[in-house]
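Single-structure report; data block below.
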Number of protein chains: 2
Amino acid sequence: MTKKTNTELIAKEIEEKILNLEYKPGQIITECEISNKYNISRTPCRDIFQKLKSIGLIDSIPFKSNFISLLDFDIIKQSIFMRTTLEKEVIKNFVQIATPKDLIDLEYNLQLQNLLIKDQFNPEEFYKLDCEFHKIWFNTTNNLFIWEQIDKAQAQYKRFRMLDIVEVQNFEAIVEDHKLLISFIKNKDLVNIENHITSHLNSGIKRLQAKISSELSLYFK
Amino acid sequence: MTKKTNTELIAKEIEEKILNLEYKPGQIITECEISNKYNISRTPCRDIFQKLKSIGLIDSIPFKSNFISLLDFDIIKQSIFMRTTLEKEVIKNFVQIATPKDLIDLEYNLQLQNLLIKDQFNPEEFYKLDCEFHKIWFNTTNNLFIWEQIDKAQAQYKRFRMLDIVEVQNFEAIVEDHKLLISFIKNKDLVNIENHITSHLNSGIKRLQAKISSELSLYFK
DNA sequence: CAGTGGTCTAGACCACCGA
DNA sequence: CGGTGGTCTAGACCACTGG
């Protein structure tokens, strides 16, 4: 059992509500509101806001108000580019040194994804599986630190992903992508892997682009 | 003039002392010591420690003590790999779109580096110039967010760099590297750029490796 | 002016370590 | 048991916004 303080739990809860889009981008969130709601004083409340600001989920207008940060298409593009570039390089390495166990782990994760989309679909659960899937190559190539950095850089992108999943209902396409990727990895087909990673990580943009300037525009900068 | 609170200034000061190696890796640093020294209470002190922990410059043994984090060779290798990979990709882009102004800026920065090593050498000033130099391609390719992420990931690496500069006195080699790089960029010589970036960013490891297991070993994990 | 954030003090209580 | 960190409360004062 992981040890968590009350404040950490609350921070996590709020973070998840932001990532879920339960708190909408642009929505104002006050310290007062949180400290009343969870019955805590300002010090822990401040810690929470500080943390969420540091990962870019909350922005503030000094001396006025805090609000859920708007999505920034430019930052999302950069984080996708960053991730694509790193992941391609890491996976190149991975195919050279992947053990049978790694391949089995990938397949296993894929089966779980299949199960999830057939059974009771749950965006958060799916997102978690997807992360675990990609994490495998960072782990075996001994690049977990890089994975952590990517993860930290992706607070913006996560909300975008969630929009993608819930708005476009694309989970089947994602699973299909993963399936293809595994086959390329097994064949050590570097060229296809590179192309596939690029298109896989960029597919969200393609799917969502149309909606960004219309119905979702108020969530963006 | 930038507006800074007292606490932020203190945090910055301590951060710099850590990066300078004025606070040695492994050295114990207590909240008590800081709050007395700067005459502040525990809340701001805690903020400072929290910040430094979050960027990996301070580690703690729970309920016992905080100490300046040890350098971790594995993390340093990963952050160099991360940076090399991203920077190669960005610079490929840069050579396609660089304006004359960009090239002049690079040259200008190089001249300042030259001046610095001939005149009064100052490691921190040199480090800053070096950052500005590399930042140029991230800026014009519209990838400043990525540069920020790299910077954040490099708290460990920065101390390593400082060791490199002060222990090995390598500044002339670095300036020479930069000079070569500019010429490759002007010629849009992609192959040489890639190789050069890789060797440039990895040169610190080569230079320091011998000392890591001997005289500097107590700074490492 | 009230409301909010920004910063800080003073002090409390608990968990854990090591002498 | 004393020292340290880990967490939190209560409340203070200031800076700034906007009605």
Side-chain angles (χ1 to χ4, degrees), chain A residues 1-18 23-70 72 155 218 221, chain B residues 1-18 23-70 72 155 218 221:
Chain A
M1 170 151 164
T2 56
K3 247 186 157 179
K4 289 284 174 193
T5 62
N6 194 23
T7 308
E8 277 172 326
L9 289 175
I10 295 170
K12 199 78 203 151
E13 185 176 326
I14 296 175
E15 184 181 341
E16 265 165 20
K17 283 189 180 172
I18 296 176
Y23 283 132
K24 308 289 183 204
Q27 184 180 335
I28 284 176
I29 180 169
T30 65
E31 290 188 359
C32 202
E33 171 193 340
I34 300 301
S35 61
N36 286 331
K37 183 166 176 183
Y38 296 96
N39 210 23
I40 54 177
S41 76
R42 277 190 75 197
T43 303
C45 197
R46 187 171 158 255
D47 285 346
I48 293 170
F49 275 71
Q50 211 166 272
K51 190 198 163 195
L52 295 175
K53 274 183 207 173
S54 81
I55 57 180
L57 292 179
I58 286 186
D59 272 352
S60 68
I61 302 171
F63 306 111
K64 203 182 157 203
S65 65
N66 292 314
F67 59 94
I68 310 297
S69 68
L70 290 169
D72 182 330
L218 66 158
K221 254 184 196 147
Chain B
M1 170 148 164
T2 56
K3 246 187 158 180
K4 291 281 174 192
T5 62
N6 194 21
T7 309
E8 276 171 326
L9 288 175
I10 296 170
K12 198 78 204 149
E13 185 175 327
I14 296 175
E15 184 180 341
E16 267 167 17
K17 283 190 181 173
I18 296 176
Y23 284 132
K24 307 290 183 204
Q27 183 180 339
I28 284 175
I29 179 168
T30 66
E31 290 188 359
C32 200
E33 170 192 342
I34 300 301
S35 62
N36 286 331
K37 183 165 176 186
Y38 295 98
N39 212 22
I40 55 178
S41 76
R42 277 191 75 197
T43 303
C45 197
R46 188 172 158 253
D47 285 347
I48 293 170
F49 276 71
Q50 213 166 269
K51 190 199 163 195
L52 295 175
K53 275 182 204 175
S54 81
I55 57 179
L57 293 179
I58 286 186
D59 272 351
S60 68
I61 302 173
F63 304 110
K64 204 184 155 199
S65 65
N66 293 314
F67 58 93
I68 311 298
S69 67
L70 290 169
D72 181 330
L218 64 160
K221 255 187 194 142

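In what follows, chains are A, B, ... by sequence order, proteins preceding strands, each numbered from 1.
Here A/S69 pairs with A/R159 under the side-chain hydrogen bond (donor to acceptor under 3.5 Å, both in side chains) rule; sequence neighbours left out. Considering only residues two or more places apart in sequence or on other chains, A/N66 meets the side-chain hydrogen bond (donor to acceptor under 3.5 Å, both in side chains) condition with none of them.
Within the structure, every pair that satisfies the salt bridge (Lys or Arg N to Asp or Glu O under 4.0 Å) test and touches residues 48-67 of chain A, not counting sequence neighbours, is listed here: A/E15-A/K51. Screening residues 32-45 of chain A for salt bridge (Lys or Arg N to Asp or Glu O under 4.0 Å) gives A/E31-A/R42 as the qualifying pairs, with residues at least two apart or on separate chains.
In this structure, CD1 of A/I28 is placed 12 Å from C1' of D/dG18, rounded to the nearest angstrom. The OH-P distance, from B/Y38 to C/dC8, rounds to 14 Å in whole Å. For the pair B/D47 CG and C/dG6 C1', the interatomic distance rounds to 11 Å; values are reported in whole Å. Atom CD in A/E8 sits roughly 8 Å away from atom P in D/dC8 (whole-Å rounding). Here the C1' atom of nucleotide C/dG6 and the CD1 atom of B/I40 are 15 Å apart, to the nearest Å.
With distances taken from any side-chain atom of A/P44 to the nucleotides D/dC8, C/dT7, D/dT7, the minimum falls on D/dC8.
Using a cut-off of 4.0 Å between Lys/Arg side-chain N and Asp/Glu carboxylate O, B/K12 and B/E8 are scored as not salt-bridged.
Rounding to the nearest 0.5 Å gives a distance of 6.5 Å between CD1 of A/I14 and CG of A/L52. For the atom pair A/F67 CZ and A/I28 CD1, the distance stands at 8.5 Å (nearest 0.5 Å).
A donor-acceptor pair under 3.5 Å is formed between the side chain of A/Q27 and the backbone N or O of A/K24.
For the pair A/T7 and D/dC8, the criterion of a side-chain N or O lying under 4.0 Å from OP1 or OP2 is met.
For the helix from C/dC1-D/dG18 to C/dG18-D/dC1, the end axes, each set by the C1' atoms of five terminal pairs, are bent relative to each other by 0° (nearest 10°).
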Give me, pair by pair, the N or O atoms of the protein and of nucleotides 1-5 of chain D that are less than 3.5 Å apart, along with how far apart they are.
from  : atom 1 : to    : atom 2 : distance (Å)
D/dG5 : OP1    : B/E31 : N      : 2.9
D/dG5 : OP2    : B/E31 : N      : 3.4

